[in-house]
S.K.: 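Can you keep this structure in mind? I'll have questions shortly.
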Amino acid sequence: MKKYTVLISIIVVLGIVGTAYLAYARSNSEKERMSKESMHDAGTTSTTTAKAILAGGCFWCTQADLQKYTGVISVVSGYAGGTGENPTYEDYAKRGFREVVEVTYDPTKISYGNLVDYLIRHSDATDPSGSFHDRGIEYTSAAYYSSPEEKAAAENVVKDINARKIYEKPLALYIVPSVPFWPAEEYHQDYAQKNPVRYSYYRAASGRDAFITKHWGTDTIPTPTPEHSSTKTNPTSMTENTTGHAWEHFVKPSSTELQSTLTPVQYNVTQQNGTERPHTNEYDKNYADGLYVDVVSGEPLYSSKDKFDSGTGWPSFVKPITPTAVVEKVDKGLFTSRTEIRSAIADSHLGHVFDDGPRERGGKRYCMNSAALKFIPKADMEKLGYGDYLNYI
C-alpha cells in the first residue's frame, strides 16, 4: 500500500514539475516571439506592407507628421543606431542611439523614396548636428536603407531637392544601412494625440512649422509613386505619375474664393469656428450608408457605421474614420475648456469631441456640424474616387 502511495506521490510531483516546465517553456517562447517582433529590420516586408526606419529630429513630431501621409499604415516612435540593446529614454543618447520612427506602409500606394521625400519636407535635413533647438546626433535626420535600391532612391531624393535649390545650403541627411529598431516607451507613442497642448507648444516653440512653411509653403506632400507601379520613374517627380487622391494635393483657396463656393453657414462653421443650429441641419438624422468628407477639401472624415443618434441635434460619431483624419485642439471659449476637432488637411473647424458617447463603443462623442461635412452615398463612392474606403463602411 505504501508503494502505491509513494508511486502516486511521484506521479503527482512529476505532473506538477511537468506543468511548471511547460508554462516556463511557453513563457520563454512568448518572450522570444515578442522580442523578435519588437526588433524589426527596416526592410522587412510582406506581400502588402513594407517597413522603413526614418529620423527627423524629435520623434513626437516625426511620428505625427508621417501618420498623415496616405499609404502609411502605422508609425512607431523608437531608437536606432546605438550600442547594445534595449535603449531607454534615460540612456539612449549616451549610447549613441538616434530618435527614429518605424513606418509600416503600403508599397502599392507609396514608395520608400516618397517617404524620404516626405521626411525631408517635414524636418530640417540641412542640419548635421541636430534639429531646431534639439542638439546632438540623436536629433539628426536620417534614412536607413535595407537594399541598394532603397539607398539609390534616398540619394535621388537628396539630389533632386538640392538641384531645386529649396534650401540655402545642401541637405545633410544621413543615408545609412539598416539597423535594429527598438520601440520607445509607451508614453512616447502618439504623443501628439495624448498631449495636444504640450505638443503644440513644443512644436511651435521649436520653429519646425515656420521652417517648413518658409521652404515648402503648401508643397509638403510628394506625389505618390508606388513601388510596384509600371510607370514609376523618378520618385521625387512632382509632374510624373499623378496617382493618389485629389484631397492629398489640396491647396487651400483664399477667403474670397471660399466665400464664393461655400454657403454662408458652411463658411461660418469651417472658417470662423461657428456652430450651426441643432436638429434642423442636413445630416442629424441621416443614417444611410456612406462616407462623410470635408466640405472644403473632400478628405474622408467619418464612416456611417460609426454614426449614432446622440439626441443633441448634431451628427455624432464614436470615432473618425482613421486616427489621423482629424486634429484635436484646445478650445477655451464659452467659459470652459473643450477639445475642438479640425480636419487634418484643410484645417476646417468641424466641431468638438466629448467623453459622453456610448461606453460600449469607446465612450467618445464626436459632435460635428453638418455644414462642415459632405455625405458621399456608398453607391457613389467608387465613381467619386472613394473606392479605397468602401471597407470602412
Side-chain angles (χ1 to χ4, degrees), residues 31-45 50-67 69 72-105 112 115-116 118-120 122-147 150-151 154-155 157-158 171-195 198-199 202-203 205-208 211:
K31 288 179 180 178
E32 182 179 358
R33 181 187 67 78
M34 292 177 67
S35 175
K36 288 180 179 179
E37 288 181 352
S38 67
M39 188 179 71
H40 297 292
D41 182 276
T44 302
T45 62
K51 293 183 183 293
I53 296 177
L54 302 169
C58 167
F59 51 24
W60 297 343
C61 300
T62 308
Q63 181 185 45
D65 284 336
L66 279 163
Q67 285 175 334
Y69 193 23
V72 169
I73 298 169
S74 67
V75 186
V76 180
S77 291
Y79 314 104
T83 303
E85 301 181 345
N86 297 310
T88 67
Y89 194 63
E90 286 68 34
D91 67 10
Y92 81 95
K94 297 177 182 178
R95 295 165 58 187
F97 284 90
R98 180 183 275 124
E99 288 196 11
V100 302
V101 296
E102 182 189 59
V103 183
T104 301
Y105 65 99
Y112 175 82
L115 290 172
V116 175
Y118 190 92
L119 173 77
I120 293 172
H122 293 82
S123 60
D124 181 5
T126 69
D127 189 341
S129 304
S131 177
F132 305 107
H133 63 210
D134 292 321
R135 310 315 303 162
I137 191 68
E138 64 269 29
Y139 292 111
T140 51
S141 297
Y144 294 81
Y145 63 85
S146 60
S147 68
E150 288 188 348
K151 180 181 180 183
E155 290 173 343
V157 171
V158 171
L171 291 173
L173 179 75
Y174 290 87
I175 301 175
V176 291
S178 173
V179 292
F181 169 79
W182 301 93
E185 295 80 350
E186 179 57 32
Y187 67 89
H188 286 301
Q189 307 302 334
D190 299 313
Y191 189 89
Q193 287 77 39
K194 294 175 182 176
N195 305 276
R198 186 176 299 176
Y199 170 76
Y202 168 83
R203 183 169 181 123
S206 73
R208 181 181 289 255
F211 182 87

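Quick note: numbers below take in every heavy atom, side chains included, and nothing from hydrogens, waters or symmetry partners. Not measured: the values here are computed from a predicted model. Just so you know, residue 1 is the first one in the sequence shown, and it goes up from there.
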S.K.: Under the side chain to side chain contact (heavy atoms under 4.5 Å, CB included) rule, what do Tyr191 and Cys61 come out as? Steps first, then yes or no, please.
M.R.: CA-CA 9 Å; Tyr191 189 89; Cys61 300; over 6 Å; no
S.K.: Distance from Lys51 atom NZ to Ile73 atom CD1, nearest 0.5 Å?
M.R.: 8.5 Å
S.K.: So, do Val116 and Ile175 sit near enough that their side-chain heavy atoms are less than 4.5 Å apart?
M.R.: no
S.K.: For Asp127, enumerate each residue passing the salt bridge (charged side-chain N to carboxylate O under 4.0 Å, His left out) test, keeping only those at least two apart in sequence or located in another chain.
M.R.: Arg135
S.K.: To the nearest 0.5 Å, how far apart are CD1 in Ile120 and OG in Ser141?
M.R.: 8.0 Å
S.K.: What are the two closest non-hydrogen atoms of Phe97 and Gly81, and how far apart are they?
M.R.: CD2-N, 3.9 Å
S.K.: My understanding is that only residues two or more places apart in sequence, or in another chain, count here; which of them pass side-chain contact (heavy atoms from CB on, under 4.5 Å) with Asn86?
M.R.: Trp182
S.K.: List the steps and the verdict of ring pair (Phe, Tyr, Trp, His ring centres under 6.0 Å) for Trp60 and Tyr202.
M.R.: CA-CA 10 Å; Trp60 297 343; Tyr202 168 83; 5.6 Å; yes
S.K.: Asp91: which residues meet the salt bridge (charged side-chain N to carboxylate O under 4.0 Å, His left out) condition with it, sequence neighbours left out?
M.R.: Arg95
S.K.: How far apart are the closest heavy atoms of Gly56 and Arg208, and which atoms are they?
M.R.: O-NH2, 2.9 Å
S.K.: How would you list, by chain and number, every residue that makes a salt bridge (charged side-chain N to carboxylate O under 4.0 Å, His left out) with Lys194, sequence neighbours excluded?
M.R.: Glu186
S.K.: Side chain to side chain contact (heavy atoms under 4.5 Å, CB included) for Phe181 and Val76? Distances and angles first, verdict last.
M.R.: CA-CA 10 Å; Phe181 169 79; Val76 180; 4.0 Å; yes
S.K.: Output yes when a side-chain donor or acceptor of Tyr92 lies under 3.5 Å from a complementary backbone atom of Ala80, and no otherwise.
M.R.: no
S.K.: Of all residues at least two apart in sequence or in a different chain, which pass the ring-ring contact (aromatic ring centres under 6.0 Å, His included) check with Phe211?
M.R.: Phe132, Tyr167, His215
S.K.: Please name all residues satisfying side chain to side chain donor-acceptor pair (under 3.5 Å) with Arg98, sequence neighbours left out, ordered by chain then number.
M.R.: Thr140, Tyr144
S.K.: I'd like to know if the side chain of Glu150 and the backbone of Tyr112 have a donor-acceptor N/O pair within less than 3.5 Å.
M.R.: no
S.K.: Can you name the salt bridge (charged side-chain N to carboxylate O under 4.0 Å, His left out) partners of Asp65, sequence neighbours left out?
M.R.: Arg203
S.K.: Answer yes or no: is there a side-chain heavy-atom contact under 4.5 Å between Leu173 and Val157?
M.R.: no
S.K.: Who pairs with Pro177 by side-chain contact (heavy atoms from CB on, under 4.5 Å), at least two apart in sequence or on another chain?
M.R.: Tyr145
S.K.: Kindly give the heavy-atom pair with the smallest separation between Glu90 and Tyr187, and that separation in Å.
M.R.: OE2-OH, 4.3 Å
S.K.: Residues in ring-ring contact (aromatic ring centres under 6.0 Å, His included) with Phe59, at least two apart?
M.R.: Tyr79, His188
S.K.: Could you pull out all residues at least two apart from Gln63 that satisfy side-chain contact (heavy atoms from CB on, under 4.5 Å)?
M.R.: Gln67, Val75, Ser77, Val101, Gln189, Asp190
S.K.: Sequence neighbours excluded, which residues qualify as side chain to side chain donor-acceptor pair (under 3.5 Å) partners of Thr126?
M.R.: Asp124
S.K.: Is there a side-chain contact between Glu99 and Tyr139, using heavy atoms and a 4.5 Å cut-off?
M.R.: yes
S.K.: Roughly how far, to the nearest 0.5 Å, is CG of Leu115 from OH of Tyr69?
M.R.: 7.0 Å
S.K.: Looking at Ser131 and Asp134, would you say the former's side chain and the latter's main chain have a donor-acceptor pair under 3.5 Å?
M.R.: no
S.K.: The criterion is side-chain contact (heavy atoms from CB on, under 4.5 Å); which residues satisfy it with Ser74, sequence neighbours excluded?
M.R.: Thr104
